[in-house]
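The structure presented is a predicted model; accordingly, all values stated were derived computationally and were not measured. By convention in this document, chain letters (A, B, ...) are assigned in the order of the sequence lines, proteins followed by strands, and residues within each chain are numbered from 1.
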Amino acid sequence: MEMNGSQRIEASREQVYAALNDVDILRQCIPGCESIEKTSDTEMNAKVTLRVGPVKASFTGKVTLSDLDPPNGYTISGEGSGGMAGFAKGGAKVDLVPDGDATILNYTVSAEIGGKIAQLGSRLIDGTAKKLAGDFFAKFSEIVGPTPAAEDTPAEDVAEKKGWVGRLRDSL
Amino acid sequence: MNDQTKIDQDRAERTEKLQGMGCKRKRVEDIRFTQGKGSYVDDLKLPGMLFGDFVRSPHAHARIKSIDTSRAKALPGVVAVLTAADLKPLGLHYMPTLAGDVQAVLAEEKVLFQNQEVAFVIAEDRYIASDATELVDVEYEALPCIVDPFKSMDPDAPILREDIQDKMVGAHGPRKHPNHIFEWTIGDKEATDAVFANADVTIKEMLVDHRTHPSPLETCQSVASFDKVKGELTLWGTFQAPHVIRTVVSLISGLPEHKIHVIAPDIGGGFGNKVGAYAGYVCSVVGSIVLGVPVKWVEDRMENLSTTSFARDYHMTTELAATKDGKIQAMRVHVLADHGAFDACADPSKWPAGFMNICTGSYDIPTAHLAVDGVYTNKASGGVAYRCSFRVTEAVFAIERAVELLAQKLGMDAAELRIKNFIKAEQFPYQSALGWEYDSGDYHTAMKKAMDTIGYKELREEQAKKREAFKRGETRELMGIGISFFTEIVGAGPSKNCDILGIAMFDSAEIRIHPTGSVIARMGTKSQGQGHETTYAQIIATEIGIPADDIMIEEGNTDTAPYGLGTYGSRSTPVAGAATAVAARKIKAKAQMIAAHMLEVHEGDLEWDVDRFRVKGLPEKFKTMKEIAWAAYNSPPPNMEPGLEAVNYYEPPNMTYPFGAYFCVMDIDVDTGVAKTRRFYALDDCGTRINPMIIEGQVHGGLTEAFACAMGQEIRYDEHGNVMGASFMDFFLPTAVETPHWETDHTVTPSPHHPIGAKGVGESPHVGGVPCFSNAVNDAYAFLGAGHIQMPHDAWRLWTVGQKLGLHT
């Protein structure tokens, strides 16, 4: 399954690129993300709960950043196992193009699923993946390039939610 | 009223009272089934019984890096978790298949298909077991998978079966590739090639009989109970062949066979799905032996559709050579058979491709050659005979589609081409080019009756008009006329060529007459809904003159039933039905001696009269079978053993060859692809008819499953090996809403070698029905130049055909 889209973000390319590498921001943007931890500069462990049709599953897996080309973009890919529910693999190639003070974020997403989630939910996957990708980038632009109305809340959110994961990371 | 009329009337009344052969006797088992009082495996509740459930692989092909059962074991209510590591020391992590291969019970190093069994959780109830399966942490390393069987033998194909990769000679000869299972050939290749090289007209088409599943409403299940003190195992299960299961359990567990009691209670449909041995059976047995309490395993729907025995998946390159006036001279077929990850086909041992060599069908084709290559893929194993004798649906589909394609190429009517090539009545017994001896048949008579009844000529005229109207744009409907004239081969089988694990495919019956003249009879077969309790009693009733209502039929308990090979491949009536008749005749012979003694005459002075022996010429001097039964226990003749019972193990001299002529009229909406079956007419010739009502029911059921297979039912895999047809959301199981109306008819050509002339009918309608539906669809689109349209013919696929032909402007 493949799809693409773009999102305009009210922030500079450098800011956007930095945010794309920030686990705290990623944690807030990845739909259903329960935890995400950096294991190296380009690798993270994540736990994500997803619901596809009749199947709800908690996926644990790895998120890898590759093709790093600051500030033009990168590829983010993930691979997770949801136990009996199945597994999911996916990735997004992200290109950042300046547009005045703002940035246009173009993305191409590919996803592959297996196991029960594929057996029961295959006809729902395209729609679900589109929605998840949409949710991710909408949230991302909300946090990174907040529109004036929504400016305060997400910023506070970031600070608050830094929470124990952030503290743990800082202490390491 | 004269004396003769009186005598005739009296005999007719007594005959009617017996409810013997030919009577539309109501099914005695329906009294409990229709009241919800059947007793199935899942109804069994034993004290202390535990429940098992499988951890299954989400991957089609992956290496198992680790299995951690600690979280599952910590869940309250979980008693044990079995993995391959537990089974390996017992030598039980693999089990033998009926096809001479081995199959993983629990995956050890690799998983080879999605939903393959990886661990077995045993808990205090089914819900806890199911919850705990999600707590077993299995780490996999995904490997590239093979979904397309045509890629199995590529030089760079991943090797699937590492356990046998160095074993280049399999159970059926040399293997050409690590993913190759067998090559099986029959017929004269040189002669066939020579005919093709010089033929006036040839056709060649890849005909795919796609992967589907028998999908019985009751899934596979078992309850094992091991008595540690006695060292005895009792195994209840959904077994079409209980004795074979007992032997297999003994061979793989090492338990002596007399200490294993296998019981198959009521079974909710089998259709081939319940012939094989499955991991669930083994795990429930191991669980019970280890824990000393009963363990139950019940498959859910997805598990049934995606793991236990699929059917078909034959890719048949089919060729015919003919003269320009339509005489078929030769047939050449190559089959690529997708067997999945393990070769677990349920065929007689020497027949890796079943009876595919019946593929010359109902036609006198002098020269033929068939080659079958079996390959491994990353799919569930199986290849069972789904409501047909071994690979007979595939064979009939190949010949019946090929004949249509030939008719089209010759510009000849498809019915006329068939009639021209039929084996003639006087040619029976007929020796086919691929090695079978057809016992009997009268194809021309059956075809003529069918064509006259359906009004074939008028239908073709109507079709011609409709086609013109379609071309003029006056209608968007296509009319298709499907024909199928099939010959089945059932009743496996003679020991010279049929065995399972070395056991000859005889079957058996044991009949005991009680002193008061009622009867219990036990057979080595096992009904899964066929109505054995009704029909076997009718055979006995006619043979020995005791009313069917006084005869109890019992099957499925290996302690009490004589050894038999079970029920599949329409073998119950041809084999166990024959055993029943022969055993009954033994009883009758003894009864005649007793009657002679009672009447103080010589045996030769007696004659049989419906339910009694009477003295020839003195009809008022007789002894009824009831009187004789009492005497057998009370005052037998001197020097005769008391009692009245008999056993027969029947070795069939040949298979039986039922046949039939089917016609289907279909109207297809070219814009939506929705196909409506306007008429379906099925004429069956199954030889002597025991219970016409049950035959009709069998035909209705078989046709419904044929309709399902041809028109939508499929187990599909995506390119990653995800099984896409594993629930009733995706897998087409027709209900009364979709099912067409069936018209049934018959001719009777008794089998010359069967004691009562019966041939078996349970599977004919499926075998004949599938190509009939497909031929109707193909016929509808033929004049538009569609070429061969592959099954299944669901609305979406037919819409796609219209789209490709540019009909949706």
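- The environment of A:Lys93 atom NZ is dense: over 12 non-hydrogen atoms of other residues, nucleotides or ligands sit within 6.0 angstrom.
- Residues from residues 111-137 of chain B that place a non-hydrogen atom less than 4.5 Å from a non-hydrogen atom of chain A comprise B:Gln114, B:Asn115, B:Thr133, B:Glu134, given in numerical order.
- Looking at B:Val723, both its backbone and its side chain come within 4.5 Å of chain A, counting heavy atoms on both sides.
- When heavy atoms are compared at a cutoff of 4.5 Å, B:Tyr717 does not approach chain A at all.
- B:Asn722 and A:Gly114 get closest at one heavy-atom pair: OD1-CA, 3.1 Å.
- Side-chain contact between A:Lys116 and B:Met302 is present, with at least one heavy-atom pair separated by less than 4.5 Å.
- Between B:Met724 and A:Gln119, every side-chain heavy-atom pair lies at or beyond the 4.5 Å cut-off.
- Between A:Gly86 and B:Pro58, the shortest heavy-atom contact is CA-CB, 3.7 Å.
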